[in-house]
Amino acid sequence: MEKVFFTSESVTEGHPDKVCDQISDAVLDAVLEKDPQARVAIETFIKTGFVLIGGELSTRSEYIDVQKIARDTLVGIGYDNGEVGFNGRHCGVLSSISEQSPDISMGVVDHQGAGDQGMMFGYACDETPELMPLPISLAHKLTMRMTEVRKKGILDYLYPDGKSQVTIEYDNGTPARIEAVVVSNHHKKDVPMEKIRADIKEHIIQPVCGHMMDTETKIHINPTGAFTQGGPVADAGLTGRKIIVDTYGGMARHGGGAFSGKDATKVDRSAAYMMRYIAKNLVAAGLCKRCEIQVAYAIGEAEPVSLLVETFGTGILSNAELAKIVRKEFPLTPAGIIDHLQLRKPVYKRTAAYGHFGRDSFTWEATDKADALKKYL
């Protein structure tokens with residue numbers, strides 16, 4: 001039997017990079033609420049005491065209060081007082097936003113083409129009920145639990161910034177057990193490390209991972225000791241710097257494009273969502289146990305320049321046959337993707353922490369095509 005180990009990480013909504021993702025997507029949502037046809041590409045940078053928001057925005061709607069959106073997002077996360085190290089109510093908020101390039105706009109509006117060139121990947125596998133890889137699934141559940149116990153006051157000494165990491169032992173390709181768990185959480189000063197480690201193990205790690213841990217599982221909680229300086233004070237944050245956390249935890253390949261702050265005409269986002277939707281439906285239909293799909297576009301062109309299906313030897317049909325089925329059964333133009341997945345709605349801030357995939361509240365997570373695809377079995 002071959003044993004291998006695979007590790008994925010997640011970060012909480014208070015991690016500086018994720019703060020930036022949430023601000024960028026909150027601005028996007030605010031624009032889409034007033035103008036669903038708007039084209040948006042917003043980037044955020046954060047460091048001690050200030051937030052910088054820049055990018056491109058083309059909209060027919062009235063004024064968007066970017067400063068208020070940023071402050072409300074920060075306070076909602078928990079950065080609302082000086083003790084935490086960052087106060088969204090009183091920090092500086094700077095913005096530099098211009099209109100989208102007319103050359104790009106012509107390709108998107110006149111030709112209904114892709115907003116940029118590039119390749120995107122989607123992935124699904126049968127390791128979990130949500131058809132996600134187990135390491136990233138558990139890592140996200142840990143960070144969600146970290147936020148839950150903080151906001152509910154169960155562990156009221158925790159602060160918003162935190163990270164998790166899970167290593168799964170695979171036995172002949174099947175998840176067998178958890179080899180290691182790492183949890184680091186920003187916390188108040190003067191709380192004994194023994195208490196922090198005992199509480200995190202009891203209230204966070206055991207409820208999420210206990211069913212797959214054994215006596216050999218390694219547990220690391222705040223492994224360097226005290227974590228009393230965190231958030232934007234400790235590290236600068238930037239939109240789009242957690243693309244592996246956002247997707248499949250490294251289990252699948254990545255085209256390199258980030259998601260947050262971009263409207264659906266940007267295929268970096270919309271095509272990646274569509275490839276996840278397609279891969280998930282192929283697995284749900286029983287056509288394969290594991291599926292990775294690559295698509296590529298040229299700027300201003302509607303039809304993809306390439307499509308590749310890879311099932312890693314688990315497919316009922318050949319990869320080439322599955323690619324033909326995908327082209328027949330799913331829309332692949334930017335306009336078709338936007339329409340099919342209803343991507344002009346303001347749903348994006350909810351995607352900006354704990355992963356864009358694996359949560360059933362999003363249209364691209366539906367398996368509504370699975371029954372129709374079973375005719376190919």
Side-chain angles (χ1 to χ4, degrees), residues 9-32 38-59 64-79 86 88 91-101 104 115-116 118 120 140 143 160-163 230-249 254-273 343 346-357 362:
E9 71 162 351
S10 179
V11 298
T12 65
E13 61 194 53
H15 185 283
D17 293 332
K18 277 286 131 204
V19 171
C20 293
D21 286 342
Q22 289 166 90
I23 292 173
S24 294
D25 272 338
V27 173
L28 171 61
D29 281 353
V31 175
L32 292 178
R39 298 188 302 285
V40 185
I42 296 295
E43 310 285 350
T44 303
F45 171 81
I46 192 168
K47 187 49 184 157
T48 310
F50 79 98
V51 179
L52 173 62
I53 303 168
E56 295 77 51
L57 170 60
S58 298
T59 178
I64 302 296
D65 192 342
V66 173
Q67 183 172 128
K68 183 178 186 304
I69 292 167
R71 294 188 187 283
D72 288 349
T73 301
L74 286 159
V75 170
I77 290 168
Y79 287 116
F86 199 96
C91 68
V93 180
L94 310 175
S95 65
S96 178
I97 299 173
S98 61
E99 283 194 82
Q100 184 184 57
S101 159
I104 297 174
D116 200 355
M120 303 84 208
H140 284 323
T143 51
D161 193 3
K163 303 178 81 171
V233 175
D235 293 293
L238 191 65
T239 297
R241 206 159 55 178
K242 286 290 175 283
I243 58 176
I244 300 303
V245 172
D246 285 343
T247 52
Y248 308 101
H254 197 293
F259 299 152
S260 291
K262 299 176 181 178
D263 76 272
T265 65
K266 281 71 174 174
V267 284
D268 275 344
R269 184 168 216 162
S270 54
Y273 287 178
L343 296 180
V347 299
Y348 296 106
K349 186 182 176 184
R350 289 188 289 117
T351 70
Y354 313 115
H356 292 245
F357 308 125
F362 304 122

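- By the 4.0 Å N-to-carboxylate-O rule, Lys349 lies too far from Asp29 to be salt-bridged with it.
- Contact of the Leu28 side chain with the Ile42 side chain is not registered, since no non-hydrogen atoms from C-beta on lie closer than 4.5 Å.
- Nearest heavy-atom pair across Leu74 and Ile23 is CG-CD1, 4.3 Å.
- Counting only heavy atoms from C-beta outward, the side chains of Cys91 and Arg71 approach each other to under 4.5 Å.
- With ring centers used as reference points, Phe259 lies 6.0 Å or more from Tyr348.
- When all heavy atoms of Asp25 and Ser260 are compared, the pair lying nearest together is OD2-OG, 2.9 Å.
- Two residues are said to be in side-chain contact when any heavy atoms from C-beta on lie closer than 4.5 Å; Val19 and Thr73 fail this criterion.
- Using a 4.5 Å heavy-atom cutoff, the side chains of Arg39 and Lys266 are in contact.
- A donor-acceptor contact shorter than 3.5 Å links the side chain of Ser270 to the backbone of Ala264.
- Remark: Asp116 does not engage Lys262 in a salt bridge, criterion side-chain N to carboxylate O under 4.0 Å.
- Residues Pro160 and Thr12 fail the side-chain proximity criterion, which asks for heavy atoms closer than 4.5 Å.
- Checked by atom type and distance alone, the side chain of Asp21 pairs as donor or acceptor with a backbone atom of Gly240 at under 3.5 Å.
- In this structure, the side chains of Tyr79 and Pro232 come closer than 4.5 Å at one or more pairs of heavy atoms.
- Counting only heavy atoms from C-beta outward, the side chains of Lys163 and Thr143 never approach each other to under 4.5 Å.
- For Thr247, the side chain to side chain donor-acceptor pair (under 3.5 Å) criterion is met by no residue, not counting sequence neighbours.
- Classified by interplanar angle (parallel below 30°, tilted 30° to 60°, perpendicular above 60°), the ring pair Tyr273/His356 is tilted.
- Taking the side chain as every heavy atom from C-beta outward, Asp246 and Lys18 approach each other to under 4.5 Å.
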